Number of protein chains: 2
Amino acid sequence: MAQTSTNPVIKSNLADFKVGVDNVIFSVDTQANRLLVLLVKRKDNPFLGSWSLPGTLVRIGESLEDAAYRILAERIRVNNLYLEQLYTFGTLGRDPRESHNSFGVRYLSVSYFALVRLEEAELITHDISTTAWHPVKKVPQLAFDHNQILEYGYQRLRNKLEYSPIAFEVLPEVFTLNDIYQLYSTILGENFADYSNFRARLLKMGILADTGAKVSRGAGRPASLYRFDAEAFAPLKDKPLVFI
Amino acid sequence: MAQTSTNPVIKSNLADFKVGVDNVIFSVDTQANRLLVLLVKRKDNPFLGSWSLPGTLVRIGESLEDAAYRILAERIRVNNLYLEQLYTFGTLGRDPRESHNSFGVRYLSVSYFALVRLEEAELITHDISTTAWHPVKKVPQLAFDHNQILEYGYQRLRNKLEYSPIAFEVLPEVFTLNDIYQLYSTILGENFADYSNFRARLLKMGILADTGAKVSRGAGRPASLYRFDAEAFAPLKDKPLVFI
DNA sequence: TCAAAAGTGTTAGCGATACACCCATGT
DNA sequence: ACATGGGTGTATCGCTAACACTTTTGA
């Protein structure tokens, strides 16, 4: 940050950037026990026809976060979601357009990662050939460096889940202990913890309030409905929690 | 990312950016038991005369990381360091220059955080009125949103220290167990763990190799010199380690 | 009445905490 | 010989992992 605004540099050696925002939007298919990611098919060059993460270029007067929310809003309608910035990718030549135009404009990608509830997330286009949930285990080759971004987001998701209560931002108001367990085990894999122990830990933390209500889902004993107790959680914030 | 390279948008609604890189460079003063951060005094507007994080605008042909390393190289000479990207700040109006010029150029800041050894880091300018280590506990009001960036970096440093071996990237080849302990306790604060327990955990991990050599520092029993065993650590990578 | 889903209890063992204590060296 | 810094040992407690068990419902 060398030049001043009163003495602008006319022919500068500074790079000019367009800034892209790419979202890694995760969702959990509790039925099939799969983690999903939202992909869109590119309608423009470069990488026309390839699957990619939903993204956009930042517009005038728009903050990075604004852009991230706009991408979401253009693709799905959701009530609850968790969104956070992931990483900024700025390697030279990560976007083929950098070499094709002579102005030397660079393309930066600020990635965000989001977690939404599948049951709540309604896709705006129902044409699954252009916008669709893909199982994370089976994503195809993506445009740009998006496979790398996805991998990075997947890593972050697993970490976040272990030591912060993002699950509750995505669960409905009231939920059963099994609902949380399902969420955790489909994201973290089958071998993360015994249901009984998971349950005990969670309850011992005292961040769940029993609503008293019960819900019956098919056969079997009805499950208690709990609510996330934000007040009880507040003092635990920033503390080394482990939700494993 | 809508327009194609074959059909360029002439009058676009996309924002144009200059991208800044700001470094949060930490170091540990083991003598005084203080965590330090490198600050520089601004020589230009805006915020002329204010202390700020060392930063620069990204040049043509330069990657984000290149820029981060350049900032470092312009200020200090070091052999070992740890560097990683922190966060990207892109709020509207975070840089006063955005409103002062009519071209609507935006200023983004990609921040990096670095950890270097104080004994090894030689400042290139010895004029402490322009470049100096400041105790983190007593940083003044900084230019831009740099206090926020610093806070974010401090948080990240503490987290990283607990579950990844960044300390060893900053310690000399051989070191005593007390050296590590000093490093940890000045960064994490006095109340993080008993020396005896810290020591036991560290040795049990099996990632330290005893060189057999000893070193005497003043009075007292000589300390064993250890070396970080990267081979022994390799399989533990990505595993849930805790260095507390 | 039996299977399915929810919820409870029990035990062994590891690991953290908080100390007390022993060892080797300089002055 | 004693202060100083380095290093070892141990008892307590809590938490985790693994698994057996009980309860409540629908069919």
Side-chain angles (χ1 to χ4, degrees), chain A residues 30-33 161-163 171-172 174-186 188-227 236 239-244, chain B residues 30-33 158 161-163 167 171-172 174-186 188-227 236 239-244:
Chain A
T30 352
Q31 261 70 51
N33 241 62
L161 211 62
E162 287 182 14
Y163 60 81
L171 285 166
V174 294
F175 47 81
T176 71
L177 290 175
N178 237 306
D179 289 340
I180 318 182
Y181 184 68
Q182 291 304 330
L183 189 71
Y184 271 79
S185 53
T186 80
L188 260 28
E190 285 305 334
N191 49 344
F192 86 97
D194 183 88
Y195 170 67
S196 164
N197 297 326
F198 177 76
R199 179 194 164 80
R201 257 200 309 268
L202 216 49
L203 289 177
K204 183 151 35 78
M205 287 176 140
I207 59 173
L208 296 185
D210 193 331
T211 62
K214 308 251 178 203
V215 65
S216 219
R217 310 224 259 239
R221 177 174 174 172
S224 298
L225 286 170
Y226 290 84
R227 182 192 311 282
L236 304 175
K239 295 233 169 96
L241 277 183
V242 179
F243 286 84
I244 302 190
Chain B
T30 353
Q31 262 69 51
N33 242 62
R158 280 172 291 176
L161 211 62
E162 287 182 14
Y163 60 82
L171 285 166
V174 293
F175 47 82
T176 72
L177 290 174
N178 238 308
D179 289 340
I180 317 182
Y181 184 68
Q182 292 304 331
L183 188 72
Y184 271 79
S185 54
T186 80
L188 260 28
E190 285 303 336
N191 49 344
F192 85 97
D194 183 88
Y195 170 66
S196 162
N197 298 325
F198 176 76
R199 179 194 166 80
R201 257 200 308 271
L202 215 50
L203 289 177
K204 184 149 36 75
M205 289 177 140
I207 58 173
L208 296 185
D210 193 332
T211 63
K214 307 251 178 204
V215 65
S216 221
R217 311 227 259 237
R221 178 174 172 174
S224 298
L225 286 169
Y226 289 84
R227 183 192 311 281
L236 303 175
K239 294 233 170 98
L241 278 182
V242 178
F243 286 85
I244 304 188

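Predicted model only: the values in this text are computed from it and were never measured.
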Begin from the C-alpha positions of B/Y195 and B/Y184 and carry the test ring pair (Phe, Tyr, Trp, His ring centres under 6.0 Å) through to its verdict. CA-CA 10 Å; B/Y195 170 66; B/Y184 271 79; over 10 Å; no
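- One can place NZ of A/K204 at 9 Å from C1' of D/dT16, the figure rounded to the nearest angstrom.
- Residues passing the side chain to side chain contact (heavy atoms under 4.5 Å, CB included) test with B/N197, sequence neighbours excluded: B/D194.
- The distance from atom CE of A/M205 to atom C1' of D/dC15 is 12 Å, rounded to the nearest whole Å.
- Side-chain contact between A/V174 and A/V215 is absent, with no heavy atoms from C-beta onward closer than 4.5 Å.
- In the helix from C/dT1-D/dA27 to C/dT27-D/dA1, the terminal helix axes, each the rotation mapping four pairs' C1' atoms onto the next four within five end pairs, subtend 10°, rounded to 10°.
- Sorted by first then second residue, the salt bridge (charged side-chain N to carboxylate O under 4.0 Å, His left out) pairs that include residues 207-221 of chain B, not counting sequence neighbours, are B/D179-B/R217.
- With sequence neighbours excluded, the residues satisfying ring-ring contact (aromatic ring centres under 6.0 Å, His included) with B/F175 are B/F168.
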The contact string for nucleotides 4-11 of chain D, one letter per nucleotide 5' to 3', using protein heavy atoms under 4.0 Å with B, S and - for base, sugar-phosphate only and none, comes out as BBBSBB--
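- Applying the side chain to side chain contact (heavy atoms under 4.5 Å, CB included) test to A/S216 and every residue at least two apart in sequence or in another chain returns A/P222.
- Partners of B/A200 according to the side chain to side chain contact (heavy atoms under 4.5 Å, CB included) rule, which considers only residues two or more places apart in sequence or in another chain, do not exist here.
- In this structure, B/L203 and B/Y226 have side chains that are in contact, with non-hydrogen atoms separated by less than 4.5 Å.
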